[in-house]
There are 4 protein chains.
Amino acid sequence: MLRIGMLTSGGDCQALNAAMRGVAKGIFAKVKDVEIYGFRDGYKGLIYSTFDMMTEKDFSGILTRGGTILGTSRQPFKQMRVIGEDGVDKVEAMKHTYHKLNLDCLVILGGNGTHKTANLLREEGLNVITLPKTIDNDLWGTDMTFGFQSAVDIATDTIDRIHTTATSHSRVFIIEVMGHKVGWVTLHAGIAGGADIILLPEIPYDLNVIAEYIKKRSAAGKRFTIIAVAEGAIAKEEAELPKKKLKELQEKKKAKYPSVAYELAEKIESKCDKEVRITVPGHTQRGGSPCPYDRVLATRLGAAAAEMILCHEYGYMVAIKEGETCKVPLKEVAGKLKTVDPKAKIISEARTIGISFGDK
Amino acid sequence: MLRIGMLTSGGDCQALNAAMRGVAKGIFAKVKDVEIYGFRDGYKGLIYSTFDMMTEKDFSGILTRGGTILGTSRQPFKQMRVIGEDGVDKVEAMKHTYHKLNLDCLVILGGNGTHKTANLLREEGLNVITLPKTIDNDLWGTDMTFGFQSAVDIATDTIDRIHTTATSHSRVFIIEVMGHKVGWVTLHAGIAGGADIILLPEIPYDLNVIAEYIKKRSAAGKRFTIIAVAEGAIAKEEAELPKKKLKELQEKKKAKYPSVAYELAEKIESKCDKEVRITVPGHTQRGGSPCPYDRVLATRLGAAAAEMILCHEYGYMVAIKEGETCKVPLKEVAGKLKTVDPKAKIISEARTIGISFGDK
Amino acid sequence: MLRIGMLTSGGDCQALNAAMRGVAKGIFAKVKDVEIYGFRDGYKGLIYSTFDMMTEKDFSGILTRGGTILGTSRQPFKQMRVIGEDGVDKVEAMKHTYHKLNLDCLVILGGNGTHKTANLLREEGLNVITLPKTIDNDLWGTDMTFGFQSAVDIATDTIDRIHTTATSHSRVFIIEVMGHKVGWVTLHAGIAGGADIILLPEIPYDLNVIAEYIKKRSAAGKRFTIIAVAEGAIAKEEAELPKKKLKELQEKKKAKYPSVAYELAEKIESKCDKEVRITVPGHTQRGGSPCPYDRVLATRLGAAAAEMILCHEYGYMVAIKEGETCKVPLKEVAGKLKTVDPKAKIISEARTIGISFGDK
Amino acid sequence: MLRIGMLTSGGDCQALNAAMRGVAKGIFAKVKDVEIYGFRDGYKGLIYSTFDMMTEKDFSGILTRGGTILGTSRQPFKQMRVIGEDGVDKVEAMKHTYHKLNLDCLVILGGNGTHKTANLLREEGLNVITLPKTIDNDLWGTDMTFGFQSAVDIATDTIDRIHTTATSHSRVFIIEVMGHKVGWVTLHAGIAGGADIILLPEIPYDLNVIAEYIKKRSAAGKRFTIIAVAEGAIAKEEAELPKKKLKELQEKKKAKYPSVAYELAEKIESKCDKEVRITVPGHTQRGGSPCPYDRVLATRLGAAAAEMILCHEYGYMVAIKEGETCKVPLKEVAGKLKTVDPKAKIISEARTIGISFGDK
């Protein structure tokens with residue numbers, strides 16, 4: 001008898017179901033005597049022991065479905081060791097559920113925060129395998145996370161649509177792209193959508209450079225400028241602030257602007273004599289059916305996870321490197337961020353074709 | 001020799017190019033000795049006599065292209081008779097251009113504001129034919145405007161994507177849909193996207209009703225509530241204000257909230273103990289390739305306009321009624337708004353399947 | 001206690017689930033004491049009494065899903081009164097199931113064949129309400145059937161894709177569009193996709209006219225010609241054959257050509273010195289998520305059906321006319337085909353912009 | 001003064017325009033004194049010296065456009081040295097054009113055949129840079145070719161649509177996917193679309209295995225089986241034939257079946273008692289707007305090519321390896337095919353989740 005717990009944690013994204021289907025199909029094909037416990041709403045389900053017994057049928061027909069059939073919730077790593085109002089020590093509660101159900105392992109799908117907690121559970125002696133889920137693509141140890149390409153597709157579609165409007169009106173258009181503290185989605189969607197300016201957290205921007213660039217385009221007879229800005233983009237002068245001061249500043253801004261695009265728009269309108277329009281695709285970037293690229297990636301990672309479970313190999317994140325699935329020790333992954341290298345070739349190639357990163 | 005002026009005015013939308021292609025193909029097929037003047041950026045091009053001479057080739061391959069090859073701009077009707085800083089009387093300037101170029105007629109594509117000005121030009125003796133362009137579908141005299149169905153498709157796609165996220169998280173989701181002062185796009189996208197609550201300008205909402213509905217859903221074990229709100233939606237108590245007071249209030253709100261969804265979210269969060277997420281697809285609803293429905297509609301209207309020009313029938317908007325193209329006198333169209341009738345069958349059908357309009 | 005039987009029959013199409021959801025939501029919202037019997041695979045389920053008891057939850061989340069949750073099968077009307085090898089009189093068997101389950105009514109979703117059988121059941125004393133489902137849009141008594149616009153969207157997408165290839169290569173491209181014996185889908189997709197030639201069953205074509213048109217395009221420097229041909233398109237000389245001879249001929253062709261496009265390609269290649277490429281999107285035209293237009297239409301018709309059931313109004317097809325749902329007596333619908341009128345305005349508008357129907 | 005010739009050869013695909021835009025933007029940004037000769041319809045334009053002088057504007061707005069603005073044609077490598085009816089030695093003619101126009105280099109976009117000719121031109125002393133274009137992904141020396149992911153997306157969409165129909169009807173569905181002699185597109189689309197059986201040229205199939213698999217599915221209560229078959233798929237017994245015999249056999253089949261799917265359908269229908277339906281998306285797989293993945297890839301490769309031109313580095317194909325652009329000597333690329341390795345991890349992962357490759 002094999003007993004597997006499964007959960008999805010953090011913000012949802014595309015191909016979560018595809019990945020779980022991969023794991024389940026791989027297991028059910030080989031082992032008949034198996035129980036899969038689907039914990040509800042991420043770690044919460046593990047803490048409070050709320051779960052559904054999953055059958056083979058539950059994982060059928062979900063390859064193309066967005067969201068997660070298990071539900072998810074955000075359970076910040078920082079609060080894992082904090083005993084809440086309910087008097088529950090979360091980590092102990094999770095261990096309790098795990099042992100009570102006599103689980104052989106936990107399959108955990110999530111992003112950075114999720115991996116920190118997963119590693120903690122590993123340190124506490126649980127058998128854990130993780131799958132790298134996030135549209136942000138910021139997980140260290142894997143070339144790619146599922147959700148990323150789907151988010152790029154949606155953000156690109158947004159830029160495409162704005163492009164047709166842009167050719168009709170003479171304006172500056174700002175499209176704010178998701179990505180948390182990194183610029184992966186913005187970089188790829190910006191290039192794919194033909195953005196003129198791309199602003200990333202990894203390359204702090206100089207407003208003067210942006211204004212100059214916009215004016216130069218106007219002077220060259222170009223009607224519009226399209227800016228793809230990452231939700232985590234930051235101005236040079238702010239990037240140089242001490243951490244504490246920066247945090248204070250960001251709190252202040254949060255009260256003033258719904259998001260970074262609004263601040264940028266205000267700045268640009270005051271610098272250039274241009275009408276600025278904002279588009280924030282927001283959560284749509286996490287939604288809908290996964291793109292074929294993500295379905296293949298998630299299926300492969302899921303199948304590889306199944307193979308690992310059947311070999312009792314635990315304590316790893318299943319990753320993709322140079323086109324091949326592989327396993328990376330969880331302790332190496334947890335807590336590390338994969339950011340865009342400002343000196344990467346893709347950045348210099350983008351500069352080659354005239355894209356500005358607002359820095360020079 | 002036939003001399004035709006053409007312009008697109010107001011906010012851009014899908015199928016403008018398809019419609020102009022229809023007109024041009026219809027003309028070029030019958031008349032060889034023809035000149036088409038494409039005025040740049042709407043009425044502005046007519047006022048300042050900036051135009052391109054269009055060839056048959058210019059109208060080829062544009063059926064599927066979003067935006068408008070002529071550019072557009074907003075020229076409020078109210079300012080048409082206002083002599084600007086440049087000392088130009090806009091109406092006189094337009095007449096001057098028209099007569100100077102010895103035009104036989106003007107083909108004008110636009111929405112409500114555009115039609116008011118078009119009618120003014122007709123009253124001033126110009127030969128005018130208009131085509132009903134707007135995603136808002138608020139033009140009186142036609143069952144349908146092109147742009148509408150494409151906008152519905154995009155807004156629906158947004159709701160669809162949020163739906164997959166909604167099933168993963170337990171929240172209230174607000175999607176703000178375009179439509180100016182009417183609720184057509186919101187109504188159709190709301191039904192097509194499976195929204196639980198649809199808020200329209202034509203049916204002022206009661207916050208208590210909304211809060212009650214959300215609570216009832218929670219009580220019934222439903223994790224999320226999806227609200228499609230028109231950008232022009234209004235609360236009951238505000239709808240009852242005298243016009244002047246309402247305007248003052250709206251000015252105040254404009255300073256406080258980026259748009260109606262933000263206000264509604266704040267209200268709901270304070271009433272229900274629920275996390276609320278906002279998505280505003282914004283200008284994407286105007287962008288991208290027109291949907292097949294709009295391409296057929298725009299092509300038909302364009303072809304019908306060509307036939308009218310060849311018969312020297314002027315002073316009409318080309319419309320679609322009960323599936324057939326027809327002509328409606330411009331003077332009857334100008335200044336009238338087509339709104340959603342709160343007693344329409346489609347509303348009661350939506351209520352039948354449990355959709356709330358927030359009114360009772 | 002209300003007992004409703006429900007079934008979907010004939011070729012599947014988009015929005016079947018949306019329509020059934022409309023009916024079910026409308027019923028469950030008003031009546032608590034209700035049983036819905038979902039018959040499996042069309043009339044077959046009614047004949048052999050195979051069904052699932054459907055709950056409210058079964059109809060939740062299916063608005064956007066293609067196919068039919070009940071399954072479907074083709075049960076030709078002609079064989080309804082034929083007693084099969086199993087010794088079963090199908091009509092009697094259906095009546096038996098109906099009475100045995102003590103049903104109040106049957107909700108039947110289907111196209112032309114389905115409606116003939118539905119009317120037969122009505123004549124046999126059963127309470128029947130039907131919903132007009134078919135991508136072909138050939139049902140008499142309704143302006144529109146659900147599935148049609150979705151099929152148009154897919155067929156148009158196919159033509160769009162071929163268009164980009166067409167501009168790269170110098171060829172004739174034939175796209176074969178579904179529609180059974182009528183040309184609705186081909187006509188709309190052909191216009192929406194910018195086809196040069198549209199061939200419909202309702203307008204028999206003359207190969208010489210087509211060849212002439214292709215040559216004229218070549219002579220005018222146009223690299224390619226795109227032909228949208230309905231699967232039921234027919235040559236003039238064949239349309240004039242006596243019915244029996246035609247049938248023989250068609251049988252012969254069936255053995256020789258996979259479908260009409262292959263025959264047409266052979267003819268054109270022999271007439272014009274042009275490479276011809278064929279694309280047959282086939283069953284994809286029935287598949288995938290319904291377009292928003294169809295979702296709204298199907299939801300409205302479903303809700304209207306629910307309202308009728310609650311009023312015990314039976315013996316009707318729920319239809320849409322001039323934008324409003326209405327009811328049409330089943331006896332008037334059964335056995336009648338809605339074809340494209342060759343003299344319709346949409347045809348002459350298409351001709352106006354230079355589209356050839358291959359007839360003159 | 002820099003003089004660059006540019007051409008696209010072979011079957012068209014997505015992102016050709018995106019790649020050329022990358023090259024041109026990269027060049028125009030750095031060098032003002034530059035002439036770009038766009039040869040019409042592939043090598044044909046170089047042979048007969050038909051070209052357009054391209055401006056910066058010609059490359060603007062084409063990032064998202066399918067097809068190729070230069071046109072293309074197939075010029076088989078085998079006939080390059082064959083003097084045609086027109087008495088022209090093609091290679092000499094190309095050299096003549098090159099030298100007559102005083103070109104600094106040729107930028108050639110194409111697949112396998114194109115690369116053989118490009119290498120020949122290099123051997124003849126011309127400066128050549130190539131870009132790997134093909135939906136087939138069969139070019140040796142690069143991890144990925146642009147066009148591939150877009151084709152996967154379209155083929156997957158086809159399988160998705162068939163899937164919804166499949167759940168409604170009880171049948172075997174065959175979707176024939178492009179890919180010439182290799183199985184890359186079929187493999188990825190098959191996994192992404194959730195195909196049950198995937199047949200590749202690299203893994204010859206055994207009809208008995210397929211029939212067995214289908215029966216097993218039926219026995220397990222699964223209504224349908226979806227087969228993704230590569231256009232180059234081959235049966236075991238045929239793969240073992242001597243080359244000459246195989247060729248004869250294939251010629252015979254060509255006369256009998258429109259394509260491989262039709263043959264397979266006939267075989268399966270005769271072996272299993274199942275209705276089989278065929279879908280052949282065909283050329284649509286090459287058409288339409290490139291997916292964001294391909295746009296980024298093509299833009300990067302184009303930019304890298306521009307950088308190489310500016311450094312006078314010739315004789316290379318620009319490739320992508322492990323996520324980075326790089327250059328591969330043309331002489332190493334020409335004539336080699338990149339096939340799917342039957343022992344690759346992706347194959348065993350697909351087997352893990354129960355996908356059959358029809359071989360065992």
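Side chains included, hydrogens not; waters and symmetry mates left out as well; all remaining heavy atoms used. Because the structure is predicted, anything quoted here is derived from the model rather than measured.
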Under a 4.5 Å heavy-atom cut-off, does chain D meet the side chain of A:Thr64, its backbone, both or neither?
-> side chain

I would like to know whether A:Glu322 and D:Asp143 meet side-chain contact (heavy atoms from CB on, under 4.5 Å); could you show each step before the answer?
-> CA-CA 9 Å; A:Glu322 296 169 20; D:Asp143 287 354; over 6 Å; no

Counting heavy-atom pairs under 4.5 Å to chain D, which of A:Lys30, A:Arg295, A:His163 comes out on top?
-> A:Arg295

Go through the steps to decide whether A:Val296 and D:Ile346 satisfy the test side-chain contact (heavy atoms from CB on, under 4.5 Å), and finish with yes or no.
-> CA-CA 9 Å; A:Val296 172; D:Ile346 187 170; 4.3 Å; yes

Heavy-atom distances under 4.5 Å only: say whether A:Asp160 touches chain D with side chain, backbone, both or neither.
-> side chain

For the student: nearest non-hydrogen atoms of A:Ile353 and D:Lys25, plus distance | O-CD, 3.6 Å

Which portion of A:Ile191 sits near chain D, non-hydrogen atoms under 4.5 angstrom = both

List the atom of D:Ala29, the atom of A:Thr352, and the distance in Å for their closest heavy-atom pair.
-> CB-O, 3.8 Å

Counting heavy-atom pairs under 4.5 Å to chain D, which of A:Lys345, A:Glu324, A:His188, A:Arg300 comes out on top?
-> A:Arg300

D:Lys360 NZ: over 12 foreign heavy atoms closer than 6.0 Å | no

Might you point out which heavy atoms bring D:Leu63 and A:Gly193 nearest each other, and give the distance in Å?
-> CD2-C, 3.8 Å

D:Thr299/A:Glu349 under side-chain contact (heavy atoms from CB on, under 4.5 Å): CA gap, chis, key distance, verdict = CA-CA 8 Å; D:Thr299 299; A:Glu349 286 152 1; over 6 Å; no

Inspect the surroundings of NZ in A:Lys57 and state if more than 12 heavy atoms from other residues, nucleotides or ligands are less than 6.0 Å away.
-> no

If you look at every heavy atom in D:Arg21 and A:Gly194, which pair is closest and at what distance?
-> NH2-CA, 4.0 Å

Gap between atom CZ of D:Arg351 and atom CD of A:Glu307 - 0.5 Å precision = 12.0 Å

